[in-house]
Structures are given as structure tokens and as C-alpha cells.
*Asks:* 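Before anything else, here's the structure in question.
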Number of protein chains: 2
Amino acid sequence: MNENKNISIKDVAKHANVSTATVSHVINGTRFVSEETKRKVHQAMDDLNYRINSVARSLRSRKSHVIAFLAPILASETSNFFFMSVAAGIQSVLKQNNYHLVLSDSHEELEFEEDEIRMLSSQMIDGLIMAPASRECDYDQHFGDYPVVYIDRVPNNHQRDSVLVDNKTVSKEAVQMLIGKGHKRIAFLSGPHTLTTTEERYEGYIEALTEAGIAVDSQLIRIGEVTLSNGYQLTDVLLQHDPSAIFVTDNVMAMGVMSYLQEKSIRVPGRIAVVAFDEFQWTRITSPPLTVIEQPAFELGVKAAEVMLERIENANAPRQEHRLTAKLIVRQSS
Amino acid sequence: MNENKNISIKDVAKHANVSTATVSHVINGTRFVSEETKRKVHQAMDDLNYRINSVARSLRSRKSHVIAFLAPILASETSNFFFMSVAAGIQSVLKQNNYHLVLSDSHEELEFEEDEIRMLSSQMIDGLIMAPASRECDYDQHFGDYPVVYIDRVPNNHQRDSVLVDNKTVSKEAVQMLIGKGHKRIAFLSGPHTLTTTEERYEGYIEALTEAGIAVDSQLIRIGEVTLSNGYQLTDVLLQHDPSAIFVTDNVMAMGVMSYLQEKSIRVPGRIAVVAFDEFQWTRITSPPLTVIEQPAFELGVKAAEVMLERIENANAPRQEHRLTAKLIVRQSS
DNA sequence: TAATGATATGTAAACGTTTACGCGGAATCC
DNA sequence: GGATTCCGCGTAAACGTTTACATATCATTA
């Protein structure tokens, strides 16, 4: 039971009286080996408690079977919620295909992100799925020669595969629902437009208003840092311009909104209606429960992983862009 | 600009008119190299856009500078909240020490967990920080020869380093606080006792009661699956036994509790007081805001990473067990 | 001036796999 | 019965680093 020295394929070969090639082929099923020999090899592997060294394997085969997922997973509670679901989706399909997932965090900051990409590029990964921290980034020179799939958001003029949510359509739908209930002064509260998602949601909002013949009031549109306290403050500001509904495109800001309304005992939806983004468990226990847009986070991950595997199979296939549809869940807050 | 062939240390050496040894030593600073030569090497690396192949490096040096974190991060919203904070803590110290973090998910299931360990063991990691899915597990034979640090929970008879929360003390404190406010019938709601954390919280609850001379009523103690809906149902059951307060040791079950109380319009804390575990943003926007026990999740990660690095430095240092203290945050629900 | 030491660098063998070749023997063919 | 095919497996060269050992140059010393 000497654990210091790792037993290698050579030891197994010797113990089974075969060549290293045979052992390797038994392990990988890459060429025919007689049943008898297979048995001997497996016996030897068991006897010696052999475990393959995947580092050596990667070095030689130039494949790691590892896909990296780079996203702002640790940045805040919101994003970690969302992106963890995405990760779960990715994981589920990778696992089936014998790939592994490594999670990497960008902190939603460009500098961090670049660091991580640099690190990943030397780490030998077979592919990278990422949600860029800003639309204004261009990492093409930093990427290694693995495929990249953008998820949830994309950089401005990218040439890669992407898997996104149909933000515009669902946002439009949500605002139209509010309009249908008679709301005319609908506020829009979001984070900075450096993310394509935010931009798209904004477009949906605008389009719904203009199609309904409602003038856009810039006083009712507020952009700010994505935090609870900022949501709180901006709600205070917004209320000075007399909205009858608020459409918040971010989950954590929505907490700020709710916290303000609750603290000031402002009736929801009587005095003001609220529609937010992202379906998490807590949105059901606010009073009243929140009307939200549920993003298909898990499915987003599944799709991205599938696209990635296809891309690995065929490097020259035409570029894909997928749009998954989100779902409006109407509860009592609207 | 031919990207197909990766440029290696040999190419750099040739381009700079030095040996591969020199290039390697320049990269790692492992022996003296004259300024002039250093300059040439750096020049060559820049010219060729050289990126080190860390797989080859790992193979040769038998060090990967990668620490794995295995926990139920994707299992549910609760745990992903908590363990992501832990991960952030780990990450922060690893980053400073030039180590990398890979996140691995156990789904809170033993089978999954074993799979992941098997995979990690062949993946060449320098250490493993893990939160075991159950106290009744023994992976010692599956582990490779890297150090293991248990975090948040431990298996029954382990011999490793561990970094834990002082669950018992803080739980006792919480229950004592309730007792101090006159509560005598305090319910205990938790997940199954297969986790040491749950067990410890239970002990704190019991000790607080007995020290105060309050008889333990088994009808007021409910164990169940850790879900919102189960929290909801068990609250219904508990209320038939007339408690004046509920101590919920799990965050997602707490949502179930709150959702029930809210739906039935039961006054909190007037009719019933609630104390829950884990401080997340949403606990501030329930009505009323929740009294919770805040676990030092980030600090837990920091400590675990520090312990890991020490252990890597010195394999024979005495075993460490750390207990970090949690904090009771009293809000309106109690 | 020969020996010594210090200084700066080079040579080549590992690390544990995968895989392009090749080879011996049995079976098949004409 | 010689040529051909097929079957099952072995040999050894990579993959890109790190690192023990060796070496060449030069200044210093006796």
C-alpha cells in the first residue's frame, strides 16, 4: 500500500503482461482487444488500484474534455442565482457527454474577466461559454483556439455562436399587460445599458409604449447601479413623477423597490403595480407576491452546452444564434 | 499568424538563441538569468505570442495549483446562495496566492459526490475543500494523495482539517432570545439530521430549553425535506400544536413558513415569532423583516483556503479544527 | 601559470499518456 | 503451397514542460 508513487499505465502493462498500447486501448476502447486480454488488463488495474492521469492524457491528446463557464457568478446574489441555474443546465448536458465543467467568475468586471480568460487559455480547455461583463469588449486576441459560445449577453460585433433570451419580446409583453390594465405612466428601472440584455428590455418597453400611443416620459426612466439600496433610492425618485406602475429589469433592484414600497406602506398594486425580472422563490413570499418574468436559465445552459458540443464536432458549421423565450408570470403585484 | 500550431518553449528558445532551460527559468524565476538574456527571452515571448501550456507544466512538476471545491452548489437556491459566498471567500485567498479554484457540484447526493471525487482525483488537483453531502460517508479510499479540508460539515469519524460554524452556540443564543421574550412553546423545524450542522443546531435548541427548565415537546419538533413547500406544510402541522415561535434552521424552509403565515394572515410576531437561518437580501423585504442567524459564509471560505494552503506547505502539521461564530440579527419577526 | 571558484547557460531525461507504424502468425484464396 | 488478407498486439515517438547535471567562460588566487 505505497501511495507515494502513482502507478502508471506502464505498471499496469507490466503486471498484465501486455504493452502500454494495449492498456490504453482497453481503457479507451480505441481498437479491438480480445476478451481474454481485456480481462487481464482490468484485473491488473484493479489489483494496482490504477487511476488514469488525465493531465498526461490531455497533454498528449490535446483534448481536455473540460468546458469553462465564465460569468459573474459571485458578483451578487441576483447574478449568482441566475447563472447558477445556467451552470446547472450546462452541467447536465456536459455530464451526459463525458465532459467536465469548470466555473470561473468574472466579478462582472472587465479586468477580472480578462485575467480569467488569460488563465483559462493556458489551462487547456476544449471550449468556453461566457457571459461578457460588457458589450464593449473584444477578447478575440486573448482567446485560445477553442470555440467560444456567448450566453445571455454578447459583445458588440462578435462572430461567435450565442444563446440568448428574447428579452425584447417578453418585456414588450409585460408592458403591454400593464397597459391593458389601464396603466399609462409606466416607469422603467434598470441597470446600466452596457449589457445587451438591458438594452433589449428597454427596447421592448419603448416599443410597447409607442405602439399604444403613449408618449415616453424620460422622467420615468431611471438607470442605476444594480443594488438593493439603489433600487430603494430610485423608487423614491420615481415616485415624485407619479407613475402607476414600475417595470424593474433587475431582480435585486426589485428588492429595493419592494422594500421602499413596503416601508412607506404604499399599496401594491392599488397605488402602484410592480413587474420584475427573474423568478426566484422569494418572489412568492413578498406581499403581495410579485409578477415576474421568468427567464429560462436552465434551458439557456442546456442550449449553450449543446451548441458548444456541436461546434467542437464541427468547427466549420455555420454560426448559430438562439433566442429562448421567457415567460411572464402574473401574480398579485400587477 | 498561424494559430494552428501552438508555439512552445522550444520555439521561444530558438527565437531568442537560448536553451529551453533558460526560458523556463526566466518564466519561473527559478535561477539567475542575466538581464540581457531575460530581455531577449521576453522579447521572443512577445513576438511569438507565447502562452505557457500549464498541462505540460503540471505533468512534469506534479503540481497543478488548482484547488477544487466540492459542495451542493447547484442543488437549491438556498445552498447555492450560501456556498457561492463560501466559494467567493475561497477564491479571494487562492487568487492572492496564485492558485486557481474549480467548482464542483455534488447535488447534495452521495452518488453524485462520489462521481465527482473520482473525476477530480484523476484531474490532478493540489487540494480539495468539500462539504460532504452526509455525515455518513467515507471517501478516504477514493481521495487521491492531495490534502482534504472539510467545510461547513464533516463526516462522522474523519481525520482531516475542518472549518465549521459554531452552530450550537448561536442556535442556543437564538432560542434563549425567544425564551427571554416570554416564549415557552418554541417549535424546531429543520432538514434531516444527516448533516452535522442540523444536528448541532438541534443540540443548541435542546440545551437552551432544558437550561431554562422548559420541557421538550416532541410535537413541536419537525424534520423534513428542505423545500419551500415542505416548510409550508410542516408549518400547518406545527400550528396544530400551538407554538408561539418557530425556529427554522433552513432558509428555504423559512420561505415556506413565511408563505404559510402570510397566506393565512397570521400575525408575525404577534401570534407567532419566527427566527430563521442565513442572511440574504430577501429576508429584509418579507413582512415583517426576518430575524435571522447570519453565517460567516465568506469568512468560512477564507479560512478553509488558508488552512488548505498551510496544509500544502506542511503535510505533517497537526490537524486543525476551526469554529467560526455566527451572528444573530434581530429584526421584527421575533 | 595552473588551479580554483564564481557565473551564466546548455543538454537531455523525465512526467504518463496516445497513436502512427509495424510485425508475426493464422486463415483464406487461387 | 505460395501469396494474400486479417487479426491481435507491440515498439517507440511524440505532447510541452521542469530540473538534475554538466559545461564554458572568466576572474581570482597561490
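Below, chains carry the letters A, B, ... as their sequence lines are ordered, and counting in each starts from 1. Given the structure is predicted, the values throughout are model-derived calculations rather than measurements.
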*Asks:* Mind calculating the distance between CG (Asn53(A)) and C1' (dG16(C)) to the nearest angstrom?
*Replies:*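 Computing the Asn53(A):CG to dG16(C):C1' distance gives 6 Å.
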*Asks:* Within this structure, what is the CZ-to-C1' distance between Arg60(B) and dA14(C), rounded to whole angstrom?
*Replies:* 5 Å
*Asks:* Can you find a donor-acceptor pair, distance only, under 3.5 Å between Arg57(A) side chain and dT17(C) base?
*Replies:* no
*Asks:* Considering residues, nucleotides and ligands other than Lys14(A), do more than 12 of their heavy atoms fall under 6.0 Å from its NZ?
*Replies:* no
*Asks:* Quick one: is dA14(D) close enough that its OP1 or OP2 comes under 4.0 Å of any side-chain N or O from Arg62(A)?
*Replies:* no
*Asks:* Can we say Glu114(A) and Arg118(A) salt-bridge, meaning some charged N sits less than 4.0 Å from an Asp/Glu carboxylate O?
*Replies:* yes
*Asks:* Using whole Å, what does the distance between atom C1' of nucleotide dT17(D) and atom CD1 of Ile7(B) come to?
*Replies:* 14 Å
*Asks:* Would you mind reading off the distance between Ile9(A) atom CD1 and dG10(D) atom P, rounded to a whole angstrom?
*Replies:* 12 Å
*Asks:* Between the axis at one end of the helix from dT1(C)-dA30(D) to dC30(C)-dG1(D) and the axis at the other (five pairs apiece), what's the angle to 10 degrees?
*Replies:* 60°
*Asks:* Are Arg135(A) and Asn157(A) close enough that a side-chain donor and a side-chain acceptor fall under 3.5 Å?
*Replies:* no
*Asks:* When you compare the side chains of Asn53(B) and Arg62(A), does any donor N or O come within less than 3.5 Å of an acceptor on the partner?
*Replies:*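 No - no donor-acceptor pair under 3.5 Å links their side chains.
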*Asks:* What is the distance, to the nearest angstrom, from the CG atom on Leu59(A) to the C1' atom on dA13(D)?
*Replies:*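 My rounded result for the distance is 13 Å.
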*Asks:* I need the CZ-P distance between Arg51(A) and dT17(C), as an integer number of Å.
*Replies:* 12 Å
*Asks:* When all nucleic acid strands are considered with a 4.0 Å heavy-atom cut-off, which category describes Val33(A): base, sugar-phosphate, or nothing?
*Replies:* sugar-phosphate
*Asks:* Measuring to OP1 and OP2 of dT9(C), would you say a side-chain N or O of Ser34(B) lies under 4.0 angstrom away?
*Replies:* yes
*Asks:* Check the distance between dC15(C)'s C1' and Met124(B)'s CE and give it to me in whole angstrom.
*Replies:*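 From Met124(B) CE to dC15(C) C1': 8 Å.
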*Asks:* Counting only heavy atoms and a strict 4.0 angstrom limit, can you tell me which residues of residues 13-32 of chain B come near DNA chain C?
*Replies:*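 Asn17(B), Val18(B), Ser19(B), Thr20(B), Ala21(B), Thr22(B), Arg31(B), Phe32(B), in order of number.
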*Asks:* For Ser8(B) and Tyr50(B), which I'm curious about, is there any donor-acceptor pair between the side chains at under 3.5 Å?
*Replies:* no
*Asks:* Between Glu35(B) (CD) and dT9(C) (P), how many Å, whole number?
*Replies:* 10 Å
*Asks:* State the CG-CZ distance between Leu195(B) and Arg153(B), to the nearest 0.5 angstrom.
*Replies:* 4.0 Å
*Asks:* Are more than 12 heavy atoms from other residues, nucleotides or ligands located less than 6.0 Å from atom CG of Asn314(A)?
*Replies:* yes
*Asks:* Any ion pair linking Lys40(A) and Glu35(A) (charged N to carboxylate O, less than 4.0 Å)?
*Replies:* no
*Asks:* Any idea which of dT18(C), dT17(D), dG16(C) is nearest the Lys10(B) side chain?
*Replies:*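 Closest of the options to the side chain of Lys10(B): dT17(D).
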*Asks:* Indicate yes or no: does Glu321(A) engage Arg160(A) in a salt bridge with an N to O separation below 4.0 Å.
*Replies:*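 Salt bridge absent between Glu321(A) and Arg160(A).
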